[in-house]
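A short write-up of the structure that comes next.
What's counted below: heavy atoms across the whole structure, side chains too, no hydrogens, waters or symmetry copies. Given the structure is predicted, the values throughout are model-derived calculations rather than measurements. Lettering of chains follows the sequences in order, A, B, ..., and the numbering in each one begins at 1.
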Amino acid sequence: METTKVNAELQSQDSTSSPSGLKILWREIVRDKIALISLIFLVLISSFVFGISIILDQDEIVTVDLFAIHEPPGDEFILGTDYGGRDVFGQLIIGTRNSLAIGILVTLIAGFVGILVGLLSGYFGGHVDNALMRLVDFFMVLPTLLMVIVFVTIVPDYSIWAFSLIMAAFLWMGVARLIRSKALAERELDYVQASKTLGSSNLKIMLTQVLPNLTSIIIVTMTLQLAANIGIESGLSFLGFGFPESTPSLGTLISYARNPQTLEFRWWIWVPAAVLILLLMLAVNNVGQALKRATDARQRRG
Amino acid sequence: MWKFIVRRLFVTFPQILLLSIIVFLMAEMMPGDALTGLIDPNIDPAAIEAQRERLGLNDPWHIKYADWVSGLVQGDLGQSFRFKMPVSDLVGQRLLNTFWLSVATLIFTYAIALPLGIISGRWNDTWGDRLITGYTYVGFAAPLFITALVMLWVFGFQLGWFPTGGSVAPGLEPGSWDYFVSKVQHLLLPAFSMAVITTVSTVQYLRSEIIDTKQKDFIITARAKGAPESRVYNRHIFRNSLVPIAAFFGYEITGLIGGSIFVENIYGYPGMGQLFLDSVLLRDFSVVTVVVLIFGIAAILGALISDILLSIIDPRIRIK
């Protein structure tokens, strides 16, 4: 009687003294001032661009106005206009929204596929693992950027969704490898064996027991992936293989700088977008790095 | 070790084979074929059909694939739909340009990475280290195309130190000294802007490797034996940390391929990346196919070289 009570007490103490994975992540961000500032910056800028773009009319901003070509920044246009007389500031807001949205979308799709493949591969091991990892190896061999560009040009009906799917199709392998290695370690642990002995189905163990234990790792990789994906998307848009001009992204604005005249004399078109991409990627990376530290107890600051 | 190399080669060939199949299937999905650009639209469709049959364009895909591969092996890369000339002629000079760009980039990469990595690893948590770590932090996040644009803007246009486009000044005799100098001048800025970004991971690796090695037992032993600090670093720590870096250069090729597309586009440097983008825009898919294949094989061979070098350095890798 006594001992069970003590045990129960110990257990309840245990659960209060060792915080959950999400709490650890949160604590690490709060302790790391740069990460906290980055997170606040990200929240502010995304609520700003998503909020204001409800009022802002995308079609109106991307409408060509031949009487206002290459206006420098002034009263009418805060950041001047581009070669089509379109307001750069408005495009900047919409571009940030589009870049963020597509970055998140691609990260989610690629993350979903990566987690699925990684979890199946790591949890079952053996032949399943072998087969899936050969698939991953195969995708790793392909020159990603070139493949995305080629598929973007040959896909019949091109849309934002098609673009995200193409990008995701070549970017899920990293997540899959990471999740696999973690799941491989996880399946050797006693709780999995215990659960199996009790007759839980594999599906249940994977989804309700192994997956929750991988949450913090997943959050970390997805955050770091998000930064990378924003960079890749803006790079593709810069080359002209991302969004069409009617749906500007930050990369679209920078691509106007491929015109030497714009690069040299019309800084207001491309510099703000370049700075914004840099800030966004730095901020997402800062948060990601802080989260990454949090998953490794030796590196934690908090 | 030979066993490892042979085994590694057994992985490489299927990789190249798979790559070629994927590239081929991709080419099949692309609109247009070898006849598209060649024919006069007024020719009788039945004659075109006969010609297609004769050229084997109506064969099932595996026979076409076999034909294509046997052509490739014999050096026949096909015809450009647009320029009506053999793809190999289009590729030749550009491949060389990209090769030199990559070599220059690698030289810059290591020229930046070694001193910075060593300084920041040896004197970690000093001001110098913090500065370098800050640089790697920003460099890790900064997309290459923005860096390259800013470099072009600052050094090419504002300061005017470097030419802003092309691979050589016009009107120079190939083979002359001036020609060579002009080539190098055109290389420096693109290669440097690529290296500023690609070097970041090497600096980070070198730093953590040196810091790690510093705490190993054999370093304590060396110090206990009274070895002077310079000897401890040069003989014991750097040797252990630098060798893997040298072996990584094959993996760098993957990064160089992506980088060359952006950098060549921004600097108007006539290389493979530029050729790729131009051909995609012109829908010249026979060229696209060849470029993807060459880049893909380069990446596979790069990984092969690095794996073999690493296995020579570190016997633990030769498992299984």
Side-chain angles (χ1 to χ4, degrees), chain A residues 34 38 134-135 137-156 224 227-228 230-241 250-251 254-255 257-258 260-265 267 270-271 273-286 288-289, chain B residues 11-12 14-16 18-19 21-23 26-27 29-32 137-138 140-150 152-153 156-158 164-165 253-255 257-262 265-266 268 272-273 276-277 279-281 283 285 288-289 291-300 303:
Chain A
I34 299 176
S38 302
R134 289 298 81 74
L135 189 74
D137 286 346
F138 168 64
F139 268 91
M140 299 281 267
V141 167
L142 300 173
T144 312
L145 191 65
L146 306 185
M147 299 302 270
V148 173
I149 291 176
V150 170
F151 275 99
V152 162
T153 39
I154 60 178
V155 78
L224 292 173
I230 292 176
I232 297 174
E233 179 277 317
S234 55
L236 285 167
S237 294
F238 169 79
L239 291 175
F241 296 99
L250 289 175
I254 302 177
S255 74
R258 277 190 297 171
Q261 291 288 317
T262 304
L263 180 69
E264 203 175 352
F265 303 114
W267 58 270
W270 67 277
V271 171
V275 172
L276 206 55
I277 288 188
L278 198 61
L279 285 180
L280 278 178
M281 288 181 68
L282 267 175
V284 180
N285 254 319
N286 284 335
Q289 298 289 354
Chain B
V11 181
T12 307
Q15 275 181 337
I16 293 181
L18 266 173
L19 175 78
I21 292 179
I22 281 288
V23 168
M26 207 172 73
M29 284 164 64
M30 295 167 182
Y137 221 79
V138 177
F140 182 72
L144 173 63
F145 69 99
I146 293 182
T147 318
L149 262 184
V150 172
L152 176 65
W153 186 39
F157 284 106
Q158 300 297 326
T164 54
I253 291 179
T254 321
I257 291 170
S260 73
I261 291 187
F262 287 108
N265 181 270
I266 289 167
M272 292 291 277
F276 173 75
L277 289 179
S279 319
V280 168
L281 285 175
R283 300 284 188 274
F285 288 118
V288 171
T289 316
V291 177
V292 174
L293 193 67
I294 291 178
F295 272 152
I297 290 178
I300 292 175

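Using a 4.5 Å cut-off between heavy atoms, A/V152 does not touch chain B at all. With a threshold of 4.5 angstrom between heavy atoms, B/I22 approaches chain A through side-chain atoms but not through N, CA, C or O. For a residue to count as touching a neighbouring chain, one of its non-hydrogen atoms must lie under 4.5 Å from one of that chain's; by this rule B/L18 touches chain A with backbone and side chain alike. Residue B/V292 touches chain A through both its backbone and its side chain, counting heavy-atom pairs closer than 4.5 Å. Both the backbone and the side chain of B/L149 have a heavy atom closer than 4.5 Å to some heavy atom of chain A.
One finds the CD1 atom of B/I266 at 4.0 Å from the CZ atom of A/F238 (value rounded to the nearest 0.5 Å).
The neighbour count for A/I34 CD1, taken as heavy atoms of other residues, nucleotides or ligands under 6.0 Å away, does not exceed 12. By the neighbour-count criterion of 12 heavy atoms within 6.0 Å, atom OH of B/Y137 is densely surrounded, having more than that number from other residues, nucleotides or ligands.
Of the listed residues (A/A257, A/S234, A/A228), the one with the most heavy-atom contacts under 4.5 Å to chain B is A/S234. Contact tally against chain A (heavy-atom pairs below 4.5 Å) for B/I261, B/I300, B/I257: the top residue is B/I261. Top candidate by heavy-atom pairs under 4.5 Å with chain B, chosen from A/G235, A/G231, A/A274, is A/G235.
Across B/A141 and A/M281, no two heavy atoms sit closer than the pair O-CE, 2.9 Å.
B/T12 pairs by the side chain to side chain donor-acceptor pair (under 3.5 Å) definition with B/R8, not counting sequence neighbours.
Between B/W153 and A/W270, the ring-plane angle classifies as perpendicular under the 30° and 60° cut-offs.
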Could you give the side-chain donor-acceptor pairs of residues 138-150 of chain A under 3.5 Å, partners two or more places apart or in another chain?
none

Inset, instruction - Begin with the C-alpha distance, continue with both residues' side-chain angles, and end with the deciding distance and a verdict on side-chain contact (heavy atoms from CB on, under 4.5 Å) for A/F241 and B/L277. - result: CA-CA 10 Å; A/F241 296 99; B/L277 289 179; 3.4 Å; yes

